[in-house]
Number of protein chains: 2
Amino acid sequence: MSNLKGRGHCQSCQIRHLSIFAQLPMDRLIEIQAFQPSVVTYAADETVYYQGDASLNAFTLRKGLVKLIKTLPNGRTQIVRVLRTGDLFGFDGFAGESYNHTAIPLSEIEVCRLPLAELTELKKQNAEIENTMMKRWIQHLREAEDMMLELGAKKAAERLASFLIRWCENNNGGWVPLPLSRAEVGELLGLTIETVSRFLSDWKRQGFLNEQRGSIQLENVDGLRKAVCANGSC
Amino acid sequence: MSNLKGRGHCQSCQIRHLSIFAQLPMDRLIEIQAFQPSVVTYAADETVYYQGDASLNAFTLRKGLVKLIKTLPNGRTQIVRVLRTGDLFGFDGFAGESYNHTAIPLSEIEVCRLPLAELTELKKQNAEIENTMMKRWIQHLREAEDMMLELGAKKAAERLASFLIRWCENNNGGWVPLPLSRAEVGELLGLTIETVSRFLSDWKRQGFLNEQRGSIQLENVDGLRKAVCANGSC
DNA sequence: CGGCTAATTGAGACTTCTCAACTCCAGTGG
DNA sequence: CCACTGGAGTTGAGAAGTCTCAATTAGCCG
């Protein structure tokens, strides 16, 4: 089961600069000392919440990665987002809605559990929080639009290549952890395990990338791009 | 060219109940009288703004329909959203970003042009506006997630059927305007013109739906669902 | 080492796209 | 009023892409 690690203290929080409280000046931070959200850990594959659950808490991811998924009655699954440290999720309750997706850790994670009722108050009293959240929603929306373009307008190889390139950007040619199974990459890109595997194998054979134990290295991004996205498709 | 129709007066606005000012009490509305956004008309296919343009204005759609599209360098296009009366769009500037998509009318439209600088002020001073906008962003995000599931996890027929069913819901078996060409339906669902046309023709022949001059009638939703979504896939 | 799961690979089926021809319809101009 | 025209939609045939099923291999943990 999930495990309550204790109460969080925003003032001393290591990842506050990544959180929705990043812009909050120190004096406000001291004032809201009373707000001590729970820090909770979840094991890999231990669901944080299910689609349809009442959205009473939002979460900030402190450690690890989380996938947000939606599932069709017939079992087909789509990953709608992969969360990283500092990301806020589970805020559907702000719109009076229940969770629209299921949140599942990709590894052991640590989150900060923020009761929406309290967060609403804080947000009301601190324009910086409100503002930071707004910017994030807009960014998420933009990313979602980008993803629709990926899913709707690109072929398998293009989707996979541009996903890898995005995943590895800012790591010029180095090794990057990719803690997603073939199945999960497929669920993210709307492809089957086999299709993902085939292209990755091809590209490894062609020397575009290397892989070992959950890490990946893009050795020749330009080559990959030229081979896959001939017409500027990714 | 687009045509400035005059200044809008929120107090007397016919569609205010659908806008982000819907929750604003009348006395606040009187106070913000100075805010008189421009009402502008655009002809069909006359672009409101382009992806990449600086986002200085947001818009509220007053009349007509708008499509938001993203285009790949090779010309393939994805419609990321179809807007209806009352919808707010073009707010990327709130996050310090330029427009992430191109906004094109599907027919002659009328919009209310809201300078972001002024809207920011109003929002700051009126929690109701802030709140309404927040709810809408969250709703948009939810719809975007739903769309990712459509695009990533469903087959052509399933996407098309569930699109039609959604488009026609709340119009039990009646005629519903569908001002989208086959190409546009395709761009929305990630399909080609021909694929869209084939399924629609099939379904017309099977008596699931009728069509004439830009309107559609779902005659047998259950039949359609049973034929297409056998395993609960839409 | 054995046993399990994930990943790979192949073959064939199925879906969707591409290209091309044709039809239908609305609008135009004679 | 009607023939013409151009665009949108339809339909067919074949190609390409992706999936499905099945067999095999690789990698990890006990």
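Every heavy atom of this structure was used, including side-chain atoms; hydrogens, water molecules and symmetry mates were not. Here is the naming used below: chain letters follow the sequence lines, and residue numbers restart at 1 for every chain.
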Problem set entry | Distance test, side-chain N/O of A:R76 to OP1/OP2 of D:dC19, below 4.0 Å | no
For this session: Write down the distance between CD (B:Q212) and P (D:dA8), rounded to a whole number of angstrom.
Result: 20 Å
Problem set entry | Any side-chain heavy-atom pair of A:W175 and A:Q212 under 4.5 Å | yes
Exercise. Has the side chain of B:E108 got a donor or acceptor atom that lies under 3.5 Å from a matching backbone atom of B:Y42?
Worked result: no
Exercise. How do B:L180 and B:R198 order along DNA chain D: which one's closest nucleotide is nearer the 5' end?
Worked result: B:L180
For this session: Could you check how far CH2 of B:W203 sits from C1' of D:dT10, rounded to whole Å?
Result: 16 Å
Exercise. Base, sugar-phosphate, or nothing: which does A:L191 touch, judged by heavy atoms less than 4.0 Å apart?
Worked result: sugar-phosphate
Problem set entry | Euclidean distance, atom NZ of residue B:K204 to atom C1' of D:dT11 [Å, nearest integer] | 13 Å
Exercise. Checking all strands, does B:G186 fall into the base, sugar-phosphate, or nothing category for heavy-atom contacts under 4.0 angstrom?
Worked result: nothing
Seminar exercise, completed: NZ (B:K67) and CG (B:D45) are apart, to the nearest 0.5 Å, by 6.5 Å
For this session: May I ask you to decide if A:K154's main-chain N or O and A:R159's side chain share a donor-acceptor pair within less than 3.5 Å?
Result: yes
Seminar exercise, completed: From CZ of A:R182 across to C1' of D:dC19 the rounded distance in Å is 18 Å
Problem set entry | Side-chain heavy atoms of A:F163 within contact of A:L178, under 4.5 Å | yes
Exercise. Expressed in angstrom and rounded to an integer, what is the separation of B:I193 atom CD1 from D:dT11 atom P?
Worked result: 15 Å
For this session: Decide whether A:H101 and A:R81 meet the rule of one side-chain donor and one side-chain acceptor closer than 3.5 Å.
Result: no
Exercise. Nearest to the side chain of B:E194 - D:dG12, D:dG9, C:dT9?
Worked result: D:dG12
Problem set entry | Any donor-acceptor N/O pair, B:S197 side chain to B:E194 backbone, under 3.5 Å | no
Exercise. Looking at the side chain of A:F199, which of C:dT8, D:dG9, D:dT18 is the nearest nucleotide?
Worked result: D:dT18
Exercise. With respect to the phosphate group of C:dT9, does any side-chain polar atom (N or O) of A:S201 fall under 4.0 Å of OP1 or OP2?
Worked result: yes
For this session: Give the angle between the helix axes at the two ends of the helix from C:dC1-D:dG30 to C:dG30-D:dC1, taking five base pairs at each end and rounding to 10°.
Result: 30°
For this session: Identify which nucleotide among C:dT8, D:dG9, D:dT18 has an atom closest to any side-chain atom of A:A156, counting heavy atoms from C-beta outward.
Result: D:dT18
For this session: Examine distances only and state if a side-chain atom of B:E110 and a backbone atom of B:G64 form a donor-acceptor pair shorter than 3.5 Å.
Result: no
For this session: Using a cut-off of strictly less than 4.0 Å, decide whether A:R213 has a side-chain nitrogen or oxygen near OP1 or OP2 of D:dG27.
Result: no
Problem set entry | Under-4.0 Å side-chain N/O to phosphate OP1/OP2 contact, B:K155 with D:dT18 | no
For this session: Measure the distance from CD on A:E158 to P on D:dA16 and round it to the nearest whole Å.
Result: 16 Å
For this session: Whole angstrom is fine here: how far is it from CD in A:E211 over to C1' in C:dA6?
Result: 11 Å
Problem set entry | Side-chain N,O (B:T195) to OP1/OP2 (C:dC17) below 4.0 Å | yes
Exercise. With sugar-phosphate meaning primed atoms plus P, OP1 and OP2, does B:R159 contact a base, only sugar-phosphate, or nothing at under 4.0 Å between heavy atoms?
Worked result: nothing
